[in-house]
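Input: a single structure, listed below in structure tokens.
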Amino acid sequence: MFLRFIVLFISFISITHLNAQSIPEEEGTETPRNTTTSVGTSGDRYGLFGLRKKNGPDYISLYPGLTYGFSEMTIKSRLGKADMAADLGFERNVDYLFDLKSIDFQISENFGFTILGRTKPFSITRQRYEGEISFFESSSSSSSSSGSGSSSGSSSSGSGSGSSSAETQISNEDIGTKISGNYSFIAPAFYIGKEGIDHFRIGLGVGGGQIRFSGNTNFQNPFLDILPLSFGGRASGFDNYANLVGNISLLNQQDLTSDPISSLLLANLGQGDNLQNLGLYLAAKGEIDFKNVNANQLFFSAIMFRDATPLELLTISSISSGRVAANQVYFVPVVLYAEYPTNFINYRLTFMTTSFKAGNIHYNLSSLEIAAYIPIDI
């Protein structure tokens, strides 16, 4: 998906740029007047409200504008793997842009160096999963699948891998999971492009950044689904069960101080009214979604623990699927970008990918965005 966007964007701006260059060649006499000099030596301003300098900034450029972008995250923990997928909805992915960029250091005729600065919020509300996500969906679809078992079996055997069958089909849906946060980075980048700010460029950079996020995901761990069966019928079984689920949830959080109220309640989830208070707290934050409830676990918990309240059962089923949180984690971003300038508005396509570890969990984050901005040269 990311690669397709990059190819289409670069192809479009390359064709547009070549067409724009052909016009001065036909006119002939105007071409010498539009040549640029060394970067940062001319103070002649032009463009919207005279915000741009003819040959770039003397010190730094500010990039206010709008951006459309989306992110994906893969999470690997002791509970399993979760693949948070991009939501391409327009209303979810449009945001304000305010980036920084240093002056350009032209090394040769078609090669240079610059420093990019980027701050971006992100929200991932979809998740890829394999097969059925809940006990109730599996049981309700079992009768329909049994009636067509021979046909599905033949189709899977014909494919060679069985990936086309309903049981192993990959789905990409909103199941109530959500991870949101923000990251910032500074990336020194080398670019291919001529001297002057009025040229199309492609750049690649590697730098350093910081990220923070929190949310919930679904690790699809069958052990968590049947965990209530191990505690049912025992003295203080529900309290011990709640304590274990709370400790498992804490293992996925890199920094317990990122949400101290939640961390304190999770550490003693089976004591007093902590489980009920956690449910009220998460509901007030909007982090309890019926689509994110572990339906298998809720079903078995309701059978095993008849004295538990509906709020307690709903809370423990919501947090057991997999809560994650990280605060001030450092990462190394790899940034690929393409810029297309005009007299008033510049356009940029940026792809960023990184891999980092927070606590005992390994994360892979990728983002793609298309931005339109007005450079302010200082």
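Along the sequence shown, residues are numbered consecutively beginning with 1.
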Q | Residue pair Ser180 / Ser123, side-chain donor-acceptor N/O under 3.5 Å | A | no
Q. Is any side-chain heavy atom of Leu244 less than 4.5 Å from a side-chain heavy atom of Phe231?
A. yes
Q. Is there side-chain contact between Met352 and Phe185, with heavy atoms separated by less than 4.5 Å?
A. yes
Q. Does Tyr330 OH have over 12 foreign heavy atoms under 6.0 Å away?
A. no
Q: Might you point out which heavy atoms bring Ser262 and Leu278 nearest each other, and give the distance in Å?
A: OG-CD1, 4.0 Å
(Q) For the CG atom of Asn277 and the CG atom of Leu311, what is their distance to the nearest 0.5 Å? (A) 9.0 Å
**Q.** Check: Gln210/Ser184 side-chain N/O donor and acceptor closer than 3.5 Å
**A.** no
Q: Apply side chain to side chain donor-acceptor pair (under 3.5 Å) to Thr67 and Glu369, showing your working.
A: CA-CA 7 Å; Thr67 179; Glu369 59 180 337; 2.8 Å; yes
Q) Has Ile186 got more than 12 heavy atoms of other residues, nucleotides or ligands less than 6.0 Å from its CD1? A) no
**Q.** Steps toward side-chain contact (heavy atoms from CB on, under 4.5 Å) verdict (Leu365, Ser71)
**A.** CA-CA 7 Å; Leu365 175 67; Ser71 301; 4.1 Å; yes
Q. Can you tell if the side chain of Tyr68 reaches within under 4.5 Å of the side chain of Leu66, non-hydrogen atoms only?
A. no
Q) In terms of side-chain geometry, is the basic nitrogen of Lys120 or Asp99 positioned less than 4.0 Å from the acidic oxygen of its partner? A) no
Q. Do Leu314 and Ile303 sit in the same hydrophobic cluster, where Ile, Leu, Val, Met, Phe, Trp and Tyr count as joined when their side-chain heavy atoms come under 4.5 Å apart?
A. yes
(Q) I want to know whether Tyr241 and Phe305 have ring centres closer than 6.0 Å. (A) yes
Q) Of all heavy-atom pairs between Asn218 and Ala82, which one has the smallest distance, and what is that distance? A) O-CB, 3.8 Å
Q | Worked check of side-chain contact (heavy atoms from CB on, under 4.5 Å) between Tyr347 and Glu339 | A | CA-CA 6 Å; Tyr347 301 94; Glu339 290 181 328; over 6 Å; no
Q.
So Lys81 and Thr74, do their side chains get closer than 4.5 Å, heavy atoms only?
A. yes
Q: Heavy atoms only: give me the nearest Ser301-Leu313 pair and the separation to one decimal.
A: CB-CD2, 3.7 Å
Q.
Let me confirm one number: the CG-CD1 distance from Leu269 to Ile316, rounded to the nearest 0.5 Å.
A. 6.0 Å
Q | Spatial distance of atom OG (Ser355) from atom CG (Asn364) [nearest 0.5 Å] | A | 4.0 Å
**Q.** Cluster overlap Ile115 with Ile107, hydrophobic side-chain contacts below 4.5 Å
**A.** yes
Q: Apply side-chain contact (heavy atoms from CB on, under 4.5 Å) to the pair Leu100 and Leu62, showing each step before the final yes or no.
A: CA-CA 5 Å; Leu100 302 175; Leu62 308 179; 3.1 Å; yes
Q) After noting the C-alpha distance and the side-chain angles of Phe331 and Tyr363, does the key distance pass the ring pair (Phe, Tyr, Trp, His ring centres under 6.0 Å) rule? A) CA-CA 10 Å; Phe331 67 95; Tyr363 298 88; over 10 Å; no
**Q.** Distance, nearest 0.5 Å, that separates CZ of Phe70 from CG of Leu88
**A.** 5.0 Å
Q. Do Asn346 and Tyr340 come within less than 4.5 Å of each other through their side chains, counting heavy atoms only?
A. no
Q) Between Ser102 and Thr114, do the side chains contain an N or O donor and an N or O acceptor separated by less than 3.5 Å? A) yes
Q.
I'd like to know whether Phe351 forms a side-chain contact (heavy atoms from CB on, under 4.5 Å) with Ser366, so could you lay out the CA-CA distance, the side-chain angles of the two residues, the decisive distance to 0.1 Å, and finally the verdict.
A. CA-CA 7 Å; Phe351 172 71; Ser366 298; 4.2 Å; yes
Q. Going by an N to O cut-off under 4.0 Å, is there a salt bridge joining Arg126 and Glu72?
A. no
(Q) Do Gln271 and Asn243 make a side-chain contact, defined as non-hydrogen atoms from C-beta onward lying under 4.5 Å apart? (A) yes
**Q.** Between Tyr191 and Tyr337, ring centroids under 6.0 Å
**A.** no
(Q) Do Val324 and Ile179 make a side-chain contact, defined as non-hydrogen atoms from C-beta onward lying under 4.5 Å apart? (A) yes
